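Below, chain A is the first sequence line, B the second, and so on; all start at residue 1. Here the structure is a predicted model, which is why all the values come from computation and not from measurement. These values consider heavy atoms only, across backbone and side chains, with no hydrogens, waters or symmetry-generated copies.
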2 protein chains.
Amino acid sequence: MPNTTADDLRRIALEQFSTVGFAGASLGSIAEEAGMSKSSVLYHYASKEALLDAAVTPAVEKLHAIIDGFAPAGEDGHATFVAAFVDFVLEHGAELHIFIGQGQALGNVGAIGRANQLVERLAGLADAGIPTVEGRVRFGMALGGAAYLVAATRAFAPTTDPVPEEEIRSALVVSITQLLAPIPPAVRSAGGEVLAVRPLSAPSESHTSPEPAHAG
Amino acid sequence: MPNTTADDLRRIALEQFSTVGFAGASLGSIAEEAGMSKSSVLYHYASKEALLDAAVTPAVEKLHAIIDGFAPAGEDGHATFVAAFVDFVLEHGAELHIFIGQGQALGNVGAIGRANQLVERLAGLADAGIPTVEGRVRFGMALGGAAYLVAATRAFAPTTDPVPEEEIRSALVVSITQLLAPIPPAVRSAGGEVLAVRPLSAPSESHTSPEPAHAG
DNA sequence: CACTTTACTGTCCGATCGGTCAGGATGCTG
DNA sequence: CAGCATCCTGACCGATCGGACAGTAAAGTG
């Protein structure tokens, strides 16, 4: 039953919080877009913060599951993790935009605080599992870059002509996988030049397949 | 003369706009941190928006110069551009955080509107100069990822132990350069697997040098 | 000295915000 | 029918915000 009034409000609030910020969006504007009064919004959600929490919680839980799935790294070269993460980014660009831009200021809101912890945990996993600073930078660039790319695409979408999502998805999977693949020190010159990276360990079908991988 | 009251205000405002958002920061809180009254802030800057504009303008102009320098792509494989961009990202993380998180909502403010145009122009250059969607995704991931990485590092800095900036700088330069280097279709398998990337064209000293490249 | 400029302040104002509250309409249930 | 829960509303309140304005203290400047 995803078509209730409460879900409409969550959806609308999510978009407004993402575009104009939590402080910038007002209960009145959310109510207006939903075609109801401010009082009605406060009937469904006890407060503005409760609305934000509800709007963001599903994405946070999904992200939690994805990061849980990251721990056993190895075997398939993060292929499952990357696919799940890319799907997540493509589906929850608005929430990511909120985490990135306002996570610091809104950390006292339950779900956002949890999202911050997830980011820190992911950073901790990277610190523990990736020996070099360059590797960790690549890790952060890959994940953060994907998040930013989707957020920016959302922001500037009306200007540029649309690119099929599947194409973006596979490009993201390929690029992230490449960035996550460790660079063997042997193939780097003394000056630090990257001379080669090892081939992707993911099978060629993995980023050609039209169906997304589901994480939750 | 960068130590005037007006510059203090710009600095304080920039940090608050970045962390709690433009709508979330108040002239009162900025005045308080500056040790003066709200009226005094409005004496130096005609309005809150004017303060934002002044706080962000130097970074926008620097970014403008950097992007101008991108147009003649080729020769050194974007090495100059990448070095300048990385320096910019490291120096102006707060402004980038504002552009990323609030550029959409604050586009009516002059400098931020110009920043948005710069992003669109950069995207346009990528669209025109990079034939494949994957290449454009890599381009966006490289630049956006670097920006996000620095912004996130700023946000979560107090938790993690500091990494020398030079190390991050060189890692960013290496990774971005690699992402910007086109993937010759020849060395890719039929399934799309990346089998190799061409070596960096930048000399090995370029990302080992302790002095940053200056763009303006 | 008088005069002007610079830097700054307290007070006030209208607007907007999040949130409370009492009540209206509708529909289900006995 | 009465009784009750669900959904929604307008009116209202205190707080906060950006900003206008008159005025003041200090520092030049003739």
Results of ring pair (Phe, Tyr, Trp, His ring centres under 6.0 Å) for B:Phe17 - residues two or more places apart only: B:Phe22

Any side-chain N or O of A:Tyr43 less than 4.0 Å from the OP1 or OP2 oxygen of D:dC7? yes

Can you measure A:Leu9 atom CG to D:dC7 atom P for me and round it to whole angstrom units? 12 Å

Would you please test A:His44 and A:Arg10 for side chain to side chain contact (heavy atoms under 4.5 Å, CB included) and show each step? CA-CA 10 Å; A:His44 288 282; A:Arg10 260 190 18 219; over 6 Å; no

Go through the structure and list residues passing ring pair (Phe, Tyr, Trp, His ring centres under 6.0 Å) with A:His64, not counting sequence neighbours. none

Nucleotides 15-19 of chain C: which of its N/O atoms have a protein N/O under 3.5 Å away?
| unit_1 | atom_1 | unit_2 | atom_2 | d |
| --- | --- | --- | --- | --- |
| C:dG18 | OP1 | A:Ala25 | O | 3.4 |
| C:dG18 | OP1 | A:Lys48 | NZ | 2.7 |
| C:dG18 | OP2 | A:Leu27 | N | 2.9 |
| C:dG18 | N7 | A:Lys38 | NZ | 3.0 |
| C:dG18 | O6 | A:Lys38 | NZ | 3.4 |
| C:dG19 | OP2 | A:Lys48 | N | 2.7 |
| C:dG19 | O6 | A:Lys38 | NZ | 2.8 |

Contact under 4.0 Å: B:Ser40 side-chain N or O vs C:dC8 OP1/OP2: no

Only pairs at least two apart or in different chains count here, so list each ring pair (Phe, Tyr, Trp, His ring centres under 6.0 Å) that has a residue in residues 102-138 of chain B. none

Reckon A:His44 has a side-chain N or O less than 4.0 Å from the OP1 or OP2 of D:dT6? no

Could you tell me, to 10°, how much the axis swings from one end of the helix from C:dC1-D:dG30 to C:dG30-D:dC1 to the other, five pairs per end? 10°

For a quick test of reading the model: is some side-chain N or O of B:Ser37 closer than 4.0 Å to OP1 or OP2 of C:dT11? no

Checking side-chain polar atoms at under 3.5 Å, does A:Thr4 have a donor or acceptor matched by the opposite partner on A:Asp8? no

Please identify each residue that fulfils ring pair (Phe, Tyr, Trp, His ring centres under 6.0 Å) with A:Phe99, with sequence neighbours left out. none

